[in-house]
**Student:** 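Structure in structure tokens, see below.
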Amino acid sequence: MPVLVSSPDWFLGFDSILEFITTVIAFFIGYYSYKVFRINNERKYFYLGFSFFAIALSFLSKALTNIAIYLELIRKVDISVKLLDINFMYKIGFIVHIALILIAYITLVALSLKIKDMRVISLFVVTAVLATIIGSSSLLLFQVISLIFLLYVIPYFYRNYTNNKNANSLIVLISFLLIALSHLFYILLFTGANVFYVYGSVAQLLGYIGLLTNLVWCLKYG
Amino acid sequence: MAERRNKVQIITDILEVVNSRGKIKTTHILYKSNLSHQKLKQLLQELTEREMITEEKERGTRYYKIAENGLKFLTEYKKLRKFTDSFGF
């Protein structure tokens with residue numbers, strides 16, 4: 001659990017701010033992708049929008065859970081009550097966060113590998129989410145599975161960049177590399193060096209800022 | 001094999017052809033848009049009704065020009081597509 005165990009003290013609270021920023025960025029990306037779907041009715045844009053809406057909700061859930069936990073920590077109640085409440089909040093927030101992120105990444109994998117069979121996609125979702133929740137090292141497993149999914153998506157963005165050779169597809173590639181790197185940092189967190197939590201959060205935010213830059217650039221300059 | 005175009009893609013193609021020429025005859029749009037005469041006639045009527053293109057007659061020949069709504073749609077749609085296309089899906 002990064003917030004209570006692994007985050008450096010000075011970083012407590014900042015992570016929630018970064019997660020709120022990520023929520024807003026992912027929401028805008030989802031909204032504009034959905035807008036394209038509303039115009040041309042192409043399902044792939046619906047799924048692109050859906051995956052970013054899922055990411056937005058996921059980070060919103062994580063940020064709210066972290067804030068609730070901080071508030072609980074400073075509440076003047078018995079430590080056993082405090083730990084029970086924190087444990088409950090953490091479990092709910094964690095399950096929502098990982099389920100939505102994994103659904104989002106699997107949607108991106110399905111789009112990049114052109115998997116259209118909903119039975120295959122649902123199999124991926126059920127297996128990944130259940131394995132992560134039930135597994136003994138849930139958070140580590142979640143980060144590893146997330147990284148694996150992104151490693152299947154990134155070559156697609158690389159090919160897209162080499163085919164188009166434009167700045168926008170390069171920004172998307174770099175952004176997803178940074179998001180994948182953030183999962184790698186979160187995995188390294190389990191070596192005990194809590195600075196990796198900060199690196200992970202910053203790399204993740206930079207990745208989403210990259211996607212926002214691409215969006216703003218396209219909308220402003222076309 | 002080329003992917004089948006949906007209605008929005010066909011409309012975008014028509015608007016781009018009309019926009020690139022400033023003023024264009026139906027036969028030229030037909031040639032560029034790769035549609036049947038009947039289908040094109042139907043779409044041009046729809047675009048005229050939506051005030052995306054305007055129709056003019058000069059010495060018995062019908063010409064089409066892009067209207068403000070058409071230009072606005074084309075510009076906005078191209079920007080949005082550039083963004084979604086950057087993902088390559």
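Throughout, a chain's letter reflects where its sequence line sits, starting with A, and its residues are numbered from 1.
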**Student:** Taking atom CZ of F124(A) as the centre, report whether more than 12 heavy atoms of other residues, nucleotides or ligands fall under 6.0 Å from it.
**Tutor:**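 12 or below, so no.
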**Student:** Below 4.5 Å from any heavy atom of chain B, which atoms of I39(A) appear? Answer side chain, backbone, both or neither.
**Tutor:**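 Both parts, backbone and side chain.
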**Student:** Examine whether an atom of L211(A) lies under 4.5 Å from a heavy atom of chain B, and if so say whether it belongs to the side chain, the backbone or both; otherwise answer neither.
**Tutor:**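 Both the backbone and the side chain of L211(A) come within 4.5 Å of chain B.
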**Student:** Counting only heavy atoms closer than 4.5 Å, note whether K82(B) contacts chain A via side chain, backbone, both or neither.
**Tutor:** both
**Student:** Could you go through E42(A) and R81(B), starting from their C-alpha distance and side-chain angles, then the distance that decides it, and tell me whether this counts as salt bridge (Lys or Arg N to Asp or Glu O under 4.0 Å)?
**Tutor:** CA-CA 12 Å; E42(A) 285 185 59; R81(B) 277 305 299 264; 3.7 Å; yes
**Student:** Between S86(B) and N160(A), what is the shortest heavy-atom contact and its length?
**Tutor:**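 Closest pair (atom of S86(B), atom of N160(A), distance): O-ND2, 3.0 Å.
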**Student:** Output the distance between atom CG (D85(B)) and atom CG (N164(A)), rounded to the nearest 0.5 Å.
**Tutor:** 8.0 Å
**Student:** Could you tell me whether Y45(A) and F83(B) have their ring centroids closer than 6.0 angstrom?
**Tutor:**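 Ring centroids of Y45(A) and F83(B) are no less than 6.0 Å from each other.
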**Student:** How long is the gap from CG on N40(A) to CD1 on I11(B), to the nearest 0.5 Å?
**Tutor:** 11.5 Å
**Student:** Please say whether more than 12 non-hydrogen atoms of neighbouring residues, nucleotides or ligands are located less than 6.0 Å from NZ in K220(A).
**Tutor:**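 Result for NZ/K220(A): open.
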**Student:** When you look at CZ of F20(A), are more than 12 heavy atoms from neighbouring residues, nucleotides or ligands closer to it than 6.0 Å?
**Tutor:** yes
**Student:** Would you find more than 12 non-hydrogen atoms of other residues, nucleotides or ligands less than 6.0 Å from E51(B) atom CD?
**Tutor:** no
**Student:** Counting only heavy atoms not in F11(A), do more than 12 fall under 6.0 Å of its CZ?
**Tutor:**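 Counting neighbours around CZ of F11(A), more than 12 heavy atoms of other residues, nucleotides or ligands fall under 6.0 Å, so yes.
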**Student:** So for F176(A), is it side chain, backbone, both, or neither that comes closer than 4.5 Å to the heavy atoms of chain B?
**Tutor:** side chain
**Student:** Using the ring of each side chain (for Trp, its six-membered ring), is F89(B) parallel, tilted or perpendicular to Y156(A), with breaks at 30° and 60°?
**Tutor:**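 The rings of F89(B) and Y156(A) lie parallel, inter-plane angle below 30°.
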**Student:** Using non-hydrogen atoms and a 4.5 Å limit, figure out which bit of L173(A) sits close to chain B: side chain, backbone, both or neither.
**Tutor:** neither
**Student:** Determine whether more than 12 heavy atoms belonging to other residues, nucleotides or ligands lie under 6.0 Å from atom NZ of K79(B).
**Tutor:** yes
**Student:** Below 4.5 Å from any heavy atom of chain B, which atoms of I171(A) appear? Answer side chain, backbone, both or neither.
**Tutor:** neither
**Student:** Could you tell me which of N163(A), N168(A), V153(A) has the largest number of non-hydrogen atom pairs under 4.5 Å with chain B?
**Tutor:**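 Highest number of pairs under 4.5 Å: N168(A).
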**Student:** Which bit of F37(A) comes within less than 4.5 Å of chain B, counting heavy atoms only: side chain, backbone, both or neither?
**Tutor:** neither
**Student:** Chain B heavy atoms under 4.5 Å from Y161(A): which part of the residue, side chain, backbone, both or neither?
**Tutor:**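 Neither part.
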**Student:** Any chance OH of Y63(B) has more than 12 other-residue heavy atoms, nucleotides or ligands included, within less than 6.0 Å?
**Tutor:** yes
**Student:** Do you know which of T84(B), T12(B), T75(B) has the most heavy-atom pairs under 4.5 Å to chain A?
**Tutor:**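 Greatest number of close heavy-atom pairs with chain A: T84(B).
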